[in-house]
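Step one of this worksheet: look at the structure below.
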There are 2 protein chains.
Amino acid sequence: MTSSDLTRNQQVVLKALSGSNVPLSAYDILDLEQVRDQGLKAPLTIYRALDKLQALELVHRIESLNAFVACDHGPHSEPVGFMSCDRCRKTIELPVGACEDVLRSSAKANGFKLDRITVEVSGRCTDCVEGT
Amino acid sequence: MTSSDLTRNQQVVLKALSGSNVPLSAYDILDLEQVRDQGLKAPLTIYRALDKLQALELVHRIESLNAFVACDHGPHSEPVGFMSCDRCRKTIELPVGACEDVLRSSAKANGFKLDRITVEVSGRCTDCVEGT
DNA sequence: ACATTGCCTGTTATATCATTACATAACCGG
DNA sequence: CCGGTTATGTAATGATATAACAGGCAATGT
């Protein structure tokens, strides 16, 4: 399946996320005019589209924010993490291939077979580094 | 403040988490007999105790599970991550000091001042590595 | 054509996780 | 004792996510 096979709902949700410079929760998406106007009006509709988009790696979930971001570049060759600004919420992807090796061997040493990696860091972006 | 200064509620919540081999949600804690018996009966009571325990680093929150674990060894010298089994939920701490350097320099390269690191990995523990 | 299958959708209700608002009590330093 | 800070109690609400069930619609095999 390619992204051109996305259903209408999925396209609407992906577009909403792509057009945002900050992560959006499912309910944030639901509240967008551009989304309501397309007839999406129930949380489940949003979550279903998000599930599919995540499976296609077109969208990622940020656990520590209960929010979602569009992925800027198709399926990944290496695992990806996120860095968010505490103040303005700006969030960027962070390649974490380098961490993966460390984690995988540490997992192995503890008798775990590692499957999924979640790396989320927060702090301040350049614009927000000073001030409250 | 040392752990001996914990209030009654905080002690009850910490004991509940220490006695569990899997992460517990706030409502899981609230539902425990040993906790109800001590008179804790509102979610907020649990969350307030958890907040304090987290500030003392006696408890950690696992974002991807919306759950909490007791920390097995006082305040940390290096940041800590978690590894959870998808099947039995067993969760262990994972030192992530090695990742920290990588992440911090990556953050710097992207104009971020890094503050907090969240590393959560999932997979299968030895006992669960085969089977559903 | 028609039935079967699989996927997406709509709708309602509910489950789960977390906080706000406000009042009261306990503790401690001046 | 006063005044500040911290902890607590209670009720209500907000925010996030899923369950359960019915129906639509396209692809496929016969």
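Below, each value reflects all heavy atoms present in this structure, side chains not excepted, and no hydrogens, waters or symmetry copies.
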Take the protein atom CG of A:Leu30 and the nucleotide atom P of D:dG14, then report the distance between them rounded to whole Å.
16 Å

For D:dA15 and A:Ser25 - does any side-chain N or O of the residue sit under 4.0 Å from the phosphate oxygens OP1/OP2?
no

Distance, rounded to the nearest Å, where B:Leu65 contributes CG and C:dA18 contributes P
11 Å

Side-chain contact, heavy-atom cut-off 4.5 Å: A:Glu93 with A:His76?
yes

From the candidates D:dA19, D:dA11, D:dA7, the one with an atom nearest any side-chain atom of B:Gln10 is D:dA7

Taking CG from B:Leu56 and P from D:dA7, how many angstroms apart are they, rounded to a whole number?
9 Å

Does a side-chain N or O from B:Arg61 land closer than 4.0 Å to OP1 or OP2 of C:dA18, or not?
yes

Of the candidates D:dG9, D:dA20, C:dG10, the side chain of A:Thr45 sits closest to C:dG10

Out of D:dT8, D:dT10, C:dA18, minimum distance to the side chain of B:Ala42 belongs to D:dT10

Can you find a side chain N or O atom of A:Asn66 that sits less than 4.0 Å from OP1 or OP2 on C:dC17?
no

Would you say B:Thr7 places a side-chain N or O within less than 4.0 Å of OP1 or OP2 belonging to D:dT6?
no

Step by step, would you call A:Ile117 with A:Leu103 a side-chain contact (heavy atoms from CB on, under 4.5 Å)?
CA-CA 9 Å; A:Ile117 294 179; A:Leu103 295 173; 4.0 Å; yes

Please give, in whole Å, the distance from D:dG24 P to A:Arg48 CZ?
15 Å

Should A:Phe112 and A:Arg104 be marked as a side-chain contact (heavy atoms from CB on, under 4.5 Å) after you check the CA-CA gap, both sets of side-chain angles, and the distance that decides it?
CA-CA 9 Å; A:Phe112 269 72; A:Arg104 193 173 297 279; over 6 Å; no

With distance as the sole criterion, is a donor-acceptor pair present between the side chains of A:Gln38 and A:Arg8 under 3.5 Å?
yes

Are B:Phe68 and B:His60 an aromatic pair, judged by ring center distance below 6.0 Å?
no

Separation of D:dT16 C1' from B:Glu63 CD (nearest whole Å):
14 Å

d(CG, A:Asp5; P, C:dC8) in whole Å:
11 Å

Is there a side-chain polar atom (N or O) of A:Asn9 under 4.0 Å from OP1 or OP2 of C:dT9?
yes

Does A:Lys41 make a side-chain N or O approach to OP1 or OP2 of C:dT11 shorter than 4.0 Å?
yes

Could you tell me how far apart A:Tyr47 (OH) and D:dA20 (C1') are, to the nearest whole angstrom?
18 Å

Protein-nucleotide distance (B:Asp28, atom CG; C:dT16, atom P), rounded to Å:
10 Å

Check the geometry between B:Tyr27 and C:dC17 and answer yes if their rings are stacked (centres below 5.5 Å, planes below 30°), otherwise no.
yes

